[in-house]
Q: 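My questions all concern the structure below.
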Amino acid sequence: MERRVIIIAGPTASGKSDIAFTLAKTLSTEIISADSRQIYRKLDIGAAKPPDEYLTAVRHHFINSHDLNQPFDAGAFEVEALKIIDEMHSKGLIPIVCGGSGLYIRALINGIIDIAPDESIRSELKAKRDELGDEALYDLLKSIDPLAAASMTSRNYKRVLRALEVYYITGKPISEVHSTFQRGSEIEFMEYGITWDREILYSRINERVERMLEAGLVQEVQGILDDGYPPALNGLNTVGYKEIISYLYNEISLERAVALIQRNTRHYAKRQLTWFKKDPAIQWLKMELSGSASDISGKIYADIVNWGR
RNA sequence: GGGCAGGUAGCUCAGUCGGUAGAGCAAUGGACUGAAAAUCCAUGUGUCGGGGGUUCAAUUCCCUCCCUGCCCA
């Protein structure tokens, strides 16, 4: 039988979770979340996790699956998600992948080079960066892999660091590794993108942030810090958390923190839109104020019924 | 009704001793192949409140009108 997977992507606050949930109930299937922050336990309010009713009514993979101390990344997501997809297919279920982490979705669909981060190399490079600065690392990359260097700026140190890391692990320039990489797959992905008029999306974001505060975001963050989690954890380098942490450290006012969360979420949504726009396989479904999650999930359901006909 | 202070980019303002203007914030476009809610790049034409006058030239000076705020009646 065909190996189908439905993907529901889109910017934050677009209502993806509702659509995925409604569709999952209709299809009696499970959801594979593609969200780099919702994997973490304790990041509930700020990460805008689906409500508990959803989580108990439909199985959601990759939500509350990790502790804040555990690193996770797109490569791990690819491997583990493919495994879950296999299992679901063998049970005759159509997996619904839902999330806004573009890199995770790309890794799942196209694969990602199979070179895991090496912590010792990484910390060595970080030390080098602290000592010599961004320019020196960039110059180093230029001499090793001018092609890759040309595709990034010296200040984008994360990409420079990763390119160097791959070189030190494999002995090959990352540009070469990328150009020769290809992962085959039997899976047929159906991609949908949820979108709104920008203005409406932004007001949804602004309102959602207000609701997060009412729901106790400050207390949630305080609790995480009280549990001893260091603010430097990647999971806490997240919109909604970093700003509240800054407030709790008396660096900014609560009012300012809220305004920053709203703005940073808007910026984030824009970046997601930029990312997904580049994917020609996505079929965009525009939400209207008068519409509902079931309208959209109904459309997708109709597609599925007609699939292959 | 009178006095004072203002009306300049979406917002808050700066500025032009007359040669059509610039910051912060917001906003917009983009990059991205194992940290991705991360990280990074690029983008500022706006009847300088309306009208008139002086001038080669007015957003800048003068007159007048409108609007906003404060004070006095």
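In what follows, chains are A, B, ... by sequence order, proteins preceding strands, each numbered from 1.
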Q: Starting at atom CE of A/M152, determine the distance to atom P of B/rC40, rounded to an integer number of angstrom.
A: 14 Å
Q: Figure out the CZ/P separation between A/F181 and B/rG34, and round it to whole Å.
A: 10 Å
Q: Measure from the side-chain heavy atoms of A/N156 and tell me the nearest of B/rA31, B/rC32, B/rA35.
A: B/rA31
Q: For B/rC48, which nucleotide is its Watson-Crick or G-U wobble mate, given both distances must be under 3.5 Å?
A: none
Q: Counting the atoms with a prime plus P, OP1 and OP2 as sugar-phosphate, which does A/D35 contact under 4.0 Å by heavy atoms, base, sugar-phosphate, or nothing?
A: base
Q: Looking at B/rA35, I'd like to know if its phosphate oxygens (OP1 or OP2) sit under 4.0 Å from a side-chain N or O belonging to A/H66.
A: no
Q: Looking at B/rA36, I'd like to know if its phosphate oxygens (OP1 or OP2) sit under 4.0 Å from a side-chain N or O belonging to A/Y104.
A: yes
Q: Is the shortest side-chain N/O distance from A/N237 to OP1 or OP2 of B/rA36 below 4.0 Å?
A: no
Q: Name the nucleic acid region contacted by A/A47, choosing base, sugar-phosphate or nothing; use a 4.0 angstrom heavy-atom cut-off, strictly under.
A: base
Q: Just to be sure I understand the rule, does A/K242 reach a base, reach only the sugar-phosphate, or reach nothing, if contact means heavy atoms closer than 4.0 Å?
A: sugar-phosphate
Q: Using the C1' atom as the reference point in each nucleotide, state the distance between B/rG53 and B/rU60 in Å, no decimals.
A: 15 Å
Q: Between A/L233 (CG) and B/rA36 (P), how many Å, whole number?
A: 13 Å
Q: For residues A/L236 and A/P230, report the shortest heavy-atom separation together with the two atoms involved.
A: CD1-O, 3.5 Å
Q: Rounded to whole angstroms, how far apart are CG on A/L103 and P on B/rA36?
A: 8 Å
Q: Given atom CZ of A/R183 and atom P of B/rG34, what is their separation to the nearest angstrom?
A: 14 Å
Q: Say you pick atom C1' in B/rU59 and the same atom in B/rG46; how far apart are they, in whole Å?
A: 11 Å
Q: Just by modelled atom types, is the A/I45 backbone N or O under 3.5 Å from a matching donor or acceptor in the A/E220 side chain?
A: yes
Q: Is the shortest distance from a Lys or Arg side-chain nitrogen in A/R122 or A/E165 to a carboxylate oxygen in the other one below 4.0 Å?
A: yes
Q: Identify the heavy atoms of A/I105 and A/G99 that sit nearest to each other, and give their distance.
A: CD1-O, 3.5 Å
Q: Any ion pair linking A/D114 and A/R183 (charged N to carboxylate O, less than 4.0 Å)?
A: no
Q: For A/F189, is the NZ or CZ atom of A/R4 found under 6.0 angstrom from the centre of its six-membered ring and inside 45 degrees of the ring axis?
A: no
Q: Going by purine N1 to pyrimidine N3 plus the second Watson-Crick contact, or the G-U wobble pair, all under 3.5 Å, which nucleotide sits opposite B/rG1?
A: B/rC72
Q: Rounded to the nearest Å, what distance is computed from the CG atom of residue A/N110 to the P atom of nucleotide B/rA36?
A: 18 Å
Q: Do the charged groups of A/K49 and A/D44 touch, with an N to O distance under 4.0 Å?
A: yes
Q: Taking 4.0 angstrom as the limit, do A/D86 and A/R3 come out as a salt bridge?
A: yes
Q: When we call it a touch if two heavy atoms are under 4.0 Å apart, what does A/G240 touch: a base, just sugar-phosphate, or nothing?
A: nothing
Q: Counting only Watson-Crick pairs (N1-N3 plus N6-O4 or O6-N4) and G-U wobbles (N1-O2, O6-N3), all under 3.5 Å, who is the partner of B/rU39?
A: B/rA31
Q: Counting side-chain heavy atoms from CB outward, which of B/rU28, B/rA37, B/rG30 is closest to A/K270?
A: B/rU28
Q: Whether A/N234 contacts B/rA36 is assessed here as follows: a side-chain N or O lying under 4.0 Å from the phosphate OP1 or OP2. Is that the case?
A: yes
Q: Expressed in whole Å, how much space separates the C1' atoms belonging to B/rC61 and B/rC17?
A: 11 Å
Q: Can you check the distance between B/rG22 and B/rG15, where both ends of the measurement are the C1' atom (answer in whole Å)?
A: 7 Å
Q: Could you measure between the two C1' atoms, the one in B/rA14 and the one in B/rU55, and give it in whole Å?
A: 27 Å
Q: Starting at the 5' end of RNA chain B, which residue's closest nucleotide do you reach first, A/P117 or A/M212?
A: A/P117
Q: Closer than 4.0 angstrom, basic N to acidic O: yes or no for A/D197 and A/K286?
A: yes
Q: Does A/R106 make a side-chain N or O approach to OP1 or OP2 of B/rC32 shorter than 4.0 Å?
A: no
Q: Just checking A/R198: base, sugar-phosphate only, or nothing, at a heavy-atom cut-off of under 4.0 Å?
A: sugar-phosphate
Q: Whole angstrom is fine here: how far is it from CD1 in A/I105 over to P in B/rC32?
A: 17 Å
Q: Whole angstrom is fine here: how far is it from CG in A/D279 over to C1' in B/rC32?
A: 14 Å
Q: Taking only side-chain N and O atoms of A/H267, does any of them lie within less than 4.0 angstrom of OP1 or OP2 on B/rU28?
A: no
Q: Within the 4.0 Å heavy-atom criterion, would you say A/R159 contacts the bases, only the backbone, or no part of the nucleic acid?
A: sugar-phosphate
Q: Using purine N1 to pyrimidine N3 plus N6-O4 or O6-N4 for Watson-Crick, or N1-O2 and O6-N3 for G-U wobble, each under 3.5 Å, what pairs with B/rU12?
A: B/rA23
Q: Minimum heavy-atom separation for A/K278 and A/P280, please, with both atom names.
A: O-CD, 3.0 Å
Q: Taking the side chain of A/R263 as heavy atoms from C-beta outward, which of B/rA35, B/rA37, B/rA26 is closest to it?
A: B/rA26
Q: In Watson-Crick or G-U wobble terms, both distances under 3.5 Å, what is the partner of B/rG6?
A: B/rC67
Q: Using a 4.0 Å heavy-atom cut-off, does A/D114 contact any base of the nucleic acid, only the sugar-phosphate backbone, or nothing at all?
A: base
Q: Quick check on B/rC32: is either OP1 or OP2 less than 4.0 Å from any side-chain nitrogen or oxygen of A/K278?
A: yes
Q: With P as the reference atom in both, quote the distance from B/rA27 to B/rU20 in angstrom, rounded to an integer.
A: 32 Å
Q: Does a nitrogen or oxygen in the side chain of A/K126 sit under 4.0 Å from OP1 or OP2 of B/rA35?
A: no
Q: Pick the nucleotide of RNA chain B nearest each of A/G100 and A/A76; which residue has the one closer to the 5' end?
A: A/A76
Q: For B/rG2 versus B/rU64, give the span between their P atoms, rounded off to a whole number of Å.
A: 12 Å
Q: Roughly how many Å apart are B/rA26 and B/rC71, using the P atom of each and rounding to a whole number?
A: 34 Å
Q: Under 4.0 Å from OP1 or OP2 of B/rU39: is there any side-chain N or O of A/R155 that close?
A: no
Q: Using purine N1 to pyrimidine N3 plus N6-O4 or O6-N4 for Watson-Crick, or N1-O2 and O6-N3 for G-U wobble, each under 3.5 Å, what pairs with B/rA57?
A: none
Q: If you only use heavy atoms from C-beta on, which nucleotide in B/rA35, B/rC32, B/rA37 is closest to the side chain of A/R122?
A: B/rA35
Q: Is any side-chain N or O of A/S101 closer than 4.0 Å to OP1 or OP2 of B/rA37?
A: yes
Q: Choosing from B/rU33, B/rA27, B/rG34, which nucleotide comes nearest the side chain of A/Y202?
A: B/rA27
Q: Would you please confirm or rule out a distance under 4.0 Å between OP1 or OP2 of B/rC41 and any side-chain N or O of A/T153?
A: no
